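In this text the structure is predicted, and so the values were computed from the model without any measurement. Reckoned from all heavy atoms, side chains included, excluding hydrogens, waters and symmetry mates.
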Amino acid sequence: MKPFQTTRLADAVEVTAPDGSAVRPLCTLPGVASFAHFALEPEQVSQAVSHATVEEIWYVVGGSGRMWRGQGTREEVTELAPGVCLTIPLGTAFQFRAGADGLAVVAVTTPPWPGAGEEASPTAGHW
């Protein structure tokens with residue numbers, strides 16, 4: 001049996017992701033998935049990265065911004081606002097930017113973030 005886990009959103013940032021976003025880890029199902037809160041300050045632009053081992057599902061909970069995702073020759077820019085949900089499949093290059101009011105997202109990562117070894121590699125971005 002797996003133990004129950006209960007957490008609260010930390011008051012302070014616990015780690016900075018390779019893309020530059022502020023991360024507050026929440027719950028984890030070991031070996032399965034993790035859940036975390038990611039944030040960018042107003043007008044901040046993330047570093048473009050591509051995950052080697054992790055896929056993500058994002059849900060925007062506050063602020064606004066834009067997300068660029070690219071796979072080979074296919075690219076897409078998505079407006080981010082509360083209520084928007086999107087996926088970042090394995091191997092997708094992505095970069096995001098916050099609007100004037102910052103950006104706050106909760107995300108499920110599978111397998112659990114931060115993954116193994118050199119999980120995220122810098123890549124050419126949109127901005």
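When all heavy atoms of Pro112 and Ser34 are compared, the closest pair comes out as CA-OG, 3.5 Å. Smallest separation of non-hydrogen atoms from Leu40 and Gly20: CD2-O, 4.3 Å. Taking all atoms of both residues into account, the shortest heavy-atom contact from Ser50 to Gly91 is OG-O, 3.3 Å. The shortest non-hydrogen separation linking Gly63 to Pro82 is O-CD, 3.2 Å.
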Do Thr28 and Gln5 pass the side chain to side chain contact (heavy atoms under 4.5 Å, CB included) test, and can you show the C-alpha distance, the side-chain angles, and the key distance before you say yes or no?
CA-CA 8 Å; Thr28 298; Gln5 188 177 45; 4.2 Å; yes
Derivation and outcome, side chain to side chain contact (heavy atoms under 4.5 Å, CB included), residues Thr110 and Val54
CA-CA 6 Å; Thr110 181; Val54 171; over 6 Å; no
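There is a path of hydrophobic side-chain contacts, each under 4.5 Å, that joins Trp58 to Val60. Residues Val45 and Val77 are members of one and the same hydrophobic cluster, defined by side-chain heavy-atom contacts under 4.5 angstrom among Ile, Leu, Val, Met, Phe, Trp and Tyr. By the criterion of side-chain heavy atoms lying less than 4.5 angstrom apart, applied directly or through intervening Ile, Leu, Val, Met, Phe, Trp or Tyr residues, Val84 is grouped together with Leu103 in one hydrophobic cluster.
The backbone N or O of Trp68 lies less than 3.5 Å from no partner atom in the side chain of Glu75, so there is not a single donor-acceptor pair. In this structure a side-chain-to-backbone donor-acceptor pair under 3.5 Å is present from Gln95 to Ser46.
With contacts defined as side-chain heavy-atom distances shorter than 4.5 Å, the pair Ile88/Ile57 does not qualify. Side-chain contact between Val61 and Val105 is absent, with no heavy atoms from C-beta onward closer than 4.5 Å. Using a 4.5 Å heavy-atom threshold, the side chains of Phe35 and Val106 count as touching. Considering only heavy atoms from C-beta on, Val23 stays 4.5 Å or farther from Val13 through its side chain. Proximity of Gln47 to Pro18: side-chain heavy atoms (C-beta onward) are nowhere separated by under 4.5 Å.
One finds no salt bridge joining Arg24 and Glu14 here, because no Lys/Arg side-chain nitrogen approaches an Asp/Glu carboxylate oxygen to under 4.0 Å.
Leu29 contributes atom CG, which lies 5.5 Å from atom NZ of Lys2 (distance to the nearest 0.5 angstrom). How far OG1 of Thr6 is from CG of Leu26: 11.5 Å, rounded to the nearest 0.5 Å. Residue Leu90 holds its CG atom at 11.0 Å from CD of Glu56, rounded to the nearest 0.5 Å. Note that OG1 of Thr87 is 8.5 Å distant from CD of Glu55, once rounded to the nearest 0.5 Å. Taking CZ of Arg8 as the reference point, atom SG of Cys27 lies at 11.5 Å (rounded to 0.5 Å). Once rounded to the nearest 0.5 Å, the distance linking CD of Glu41 with CG of Asp101 reads 11.5 Å.
Aromatic ring centroids of His126 and Phe94 lie 6.0 Å or more apart.
Partner of Phe96 under the side-chain contact (heavy atoms from CB on, under 4.5 Å) criterion, out of Met67, Gln44, Arg66: Met67 alone.
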